[in-house]
Peer 1: 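Sharing a structure, written as structure tokens. Questions coming.
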Amino acid sequence: MAKTALVVSGGGSKGAFAVGVVKYLAENRPDIQFDTLCGTSTGSLIVPMAALGEIGVLETIYTTQTTADVVLTGNILNRFARANSLYDAGPLARQITDNYTDERFKQLAASKKEVFLTTVCLQTGRITYFSNTGMPMLNTNYDVVKLNNGQAFREAVLASSCQPVFMPPIEVSAVTDKPRQFVDGGLREYAPIQLAIDNGATEIYAILLTPETAASSNERFTSTFNILEATISWFTNDVAVNDVQIPLLYNRALQYIDAVKKKMLDSGVKQADIDKFFDVPGANPFMGKKELTIHIIRPDAPLGGGPGGLVFDPTEMKGMMAKGMEVAERLFS
């Protein structure tokens, strides 16, 4: 059965833009309903609440929190030598405990919504999706782990939100192999569009939290820490390009195959012969596939929020949310 998917990329505080988009759609386009919701990093904070219709909770989270409500940034040199991250993510863990409750997980598990949270396992390097469903793994390039309780759900949300080096890796109790530590899925997958396709989505609304053209800077880098921030930011931009381009290339391939088939038909080749040439069992990756409808929703200019979106300023995030609503209105009014 064809499905409609919401995909929300990573981006830290920039997630306020995605909340603005989701709020606009909920208030103005109730005809758009999502069967599958996939998130990476800040997207993993957003998609469970979006699936439950808890837009007000999202708006509160993304317009009132400061950096100190998410991470503690002091004592970096001390932590560099003694800890597994530069920042302390304790405040974020407490926020997740307060908002992503056992009751909300039960509601999610009982719903017909399929939610996927993107992480990367440090021990295996594999993309690992944590989900409220038992979807079988359709692609050998990643793993899917079912979440069975609220505690594992909170651990998975936190793991997907923890940028490696800056924030600590997280062990998720739903995984029995030990040790297995998980970090922000943006390390390998900024926007899980491919997962949505694998799960049967034919119409995808992908909210990306970076503009199409990345911002450049005339700043002179004078500290190792700033260089690390910039390096991770550019790496994320490259991952984002790949996540978007591959599904679009998939569409172009389907369009090309359809054009070739039509040309053969117009030239007098019988439909049965065309089908025989193209529909080779086990060899045609496009057999039975239909062209995707992909809506790319992204800001026109950089949103702010510092490198990696690790600066949380309520005033700035309110502006990001307003921009999300503005872009959504332009695209879907």
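If you read the sequence from its start, that first residue is 1, and numbering goes on from there.
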Peer 1: Any chain of hydrophobic side-chain contacts (each under 4.5 Å) joining L254 to M264?
Peer 2: yes

Peer 1: Which heavy-atom pair separates T36 from C38 by the least distance, and what is that distance?
Peer 2: CG2-SG, 3.7 Å

Peer 1: What I'd like to find out is whether the side chain of Q194 reaches to under 4.5 Å of the side chain of I127, using heavy atoms alone.
Peer 2: no

Peer 1: Any donor-acceptor pair under 3.5 Å linking the side chain of K3 with the backbone of N199?
Peer 2: yes

Peer 1: Is it the case that T118 and Y142 place a side-chain donor and acceptor less than 3.5 Å from each other?
Peer 2: no

Peer 1: Between R180 and T124, is there a side-chain heavy-atom distance shorter than 4.5 Å?
Peer 2: yes

Peer 1: Do any N or O atoms from the side chain of S267 and from the backbone of V269 form a donor-acceptor pair under 3.5 angstrom?
Peer 2: no

Peer 1: To the nearest 0.5 Å, how far apart are OG1 in T73 and CZ in F166?
Peer 2: 11.5 Å

Peer 1: Apply side chain to side chain contact (heavy atoms under 4.5 Å, CB included) to the pair V70 and Y87, showing each step before the final yes or no.
Peer 2: CA-CA 10 Å; V70 180; Y87 294 161; over 6 Å; no

Peer 1: Classify the angle between the aromatic ring planes of F332 and H295 as parallel (below 30°), tilted (30 to 60°) or perpendicular (above 60°).
Peer 2: perpendicular

Peer 1: Look up atom NZ in K23 and atom OH in Y62, then write down how far apart they are to the nearest 0.5 Å.
Peer 2: 15.5 Å

Peer 1: Consider only side-chain N and O atoms of E189 and T40, and report whether a donor and an acceptor are under 3.5 Å apart.
Peer 2: no

Peer 1: Using a 3.5 Å distance criterion without hydrogens, assess whether the side chain of D88 forms a donor-acceptor pair with backbone atoms of L72.
Peer 2: no

Peer 1: For R154 and T101, work out which heavy atoms get closest and say how close.
Peer 2: NH1-C, 3.5 Å

Peer 1: For residues D35 and K112, determine if any side-chain heavy atom of one lies less than 4.5 Å from a side-chain heavy atom of the other.
Peer 2: no

Peer 1: Which heavy-atom pair separates L209 from G10 by the least distance, and what is that distance?
Peer 2: CD1-O, 3.5 Å

Peer 1: Just wondering, do V71 and P91 contact through their side chains at under 4.5 Å, heavy atoms?
Peer 2: no

Peer 1: As a quick check of understanding, evaluate side chain to side chain contact (heavy atoms under 4.5 Å, CB included) for L45 and Q95, giving each step before the final call.
Peer 2: CA-CA 10 Å; L45 289 165; Q95 293 277 348; over 6 Å; no

Peer 1: Side chain to side chain contact (heavy atoms under 4.5 Å, CB included), that's the test. Do M320 and K323 meet it? Break it down for me.
Peer 2: CA-CA 5 Å; M320 295 178 196; K323 287 178 183 176; 5.6 Å; no

Peer 1: Spell out, as yes or no, whether a donor-acceptor pair under 3.5 Å connects the side chain of D69 to the backbone of T66.
Peer 2: yes

Peer 1: Taking CZ in R330 as the centre, count heavy atoms belonging to other residues, nucleotides or ligands within less than 6.0 Å. Is the count above 12?
Peer 2: yes

Peer 1: Verify, without hydrogens or angle tests, whether K14 (side chain) and G306 (backbone) share a donor-acceptor contact under 3.5 angstrom.
Peer 2: yes

Peer 1: Mind checking the CG-CE spacing from L25 to M325? Nearest 0.5 Å is all I need.
Peer 2: 9.5 Å

Peer 1: Which residue in the set F182, F116, F153 passes ring-ring contact (aromatic ring centres under 6.0 Å, His included) when paired with F130?
Peer 2: F182

Peer 1: Just one of V8, I61, V21, I207 clears the side-chain contact (heavy atoms from CB on, under 4.5 Å) bar with I46, so which one?
Peer 2: V8

Peer 1: What heavy-atom pair brings T140 and R126 nearest, and what distance separates the two atoms?
Peer 2: O-NH2, 3.0 Å

Peer 1: Does some side-chain heavy atom of Q123 sit less than 4.5 Å from a side-chain heavy atom of D177?
Peer 2: no

Peer 1: Inspect the surroundings of NZ in K270 and state if more than 12 heavy atoms from other residues, nucleotides or ligands are less than 6.0 Å away.
Peer 2: no

Peer 1: With the side chain counted from C-beta on, respond yes when K113 and L37 share a heavy-atom pair under 4.5 Å apart, and no when they do not.
Peer 2: yes

Peer 1: Atom CG of N141 and atom CG of L195: how far apart are they, to the nearest 0.5 Å?
Peer 2: 12.0 Å

Peer 1: For a side chain to side chain contact (heavy atoms under 4.5 Å, CB included) check, start with the C-alpha distance between F34 and V47, then their side-chain angles and the critical distance, and finish with the verdict.
Peer 2: CA-CA 10 Å; F34 301 112; V47 295; over 6 Å; no

Peer 1: Determine, step by step, whether D98 and R94 satisfy the salt bridge (Lys or Arg N to Asp or Glu O under 4.0 Å) criterion, reporting the C-alpha distance in whole Å, the side-chain angles of both residues, the deciding distance to 0.1 Å, and the verdict.
Peer 2: CA-CA 6 Å; D98 290 344; R94 289 188 286 275; over 6 Å; no

Peer 1: Is the shortest heavy-atom distance from the side chain of Q33 to the side chain of T4 under 4.5 Å?
Peer 2: no

Peer 1: Give me the one residue out of S41, S160, S44 that meets side-chain hydrogen bond (donor to acceptor under 3.5 Å, both in side chains) with D184.
Peer 2: S41

Peer 1: Using only atom types and a distance under 3.5 Å, with no angle test, would you say the side chain of Y24 pairs donor to acceptor with the backbone of R29?
Peer 2: no

Peer 1: For S9 versus T42, what's the shortest heavy-atom pair and its separation?
Peer 2: O-CG2, 3.7 Å

Peer 1: First locate atom CD of E155, then atom CG of L117, and finally report the distance between them rounded to the nearest 0.5 Å.
Peer 2: 12.0 Å

Peer 1: Under 3.5 Å, is there a donor-acceptor pair between the side chain of T202 and the main chain of L292?
Peer 2: no

Peer 1: Whether K262 and D258 form a salt bridge (side-chain N of Lys/Arg under 4.0 Å from carboxylate O of Asp/Glu) is what I want to check.
Peer 2: no

Peer 1: Identify the heavy atoms of S13 and M317 that sit nearest to each other, and give their distance.
Peer 2: CB-SD, 3.6 Å

Peer 1: Any side-chain heavy-atom pair from R104 and V57 closer than 4.5 angstrom?
Peer 2: yes

Peer 1: Looking at CD of E114 and OH of Y129, how far apart are the two atoms once the value is rounded to the nearest 0.5 Å?
Peer 2: 14.0 Å

Peer 1: Between S85 and M167 (side chain of the first, backbone of the second, donor and acceptor by atom type, cut-off under 3.5 Å), is there such a pair?
Peer 2: no

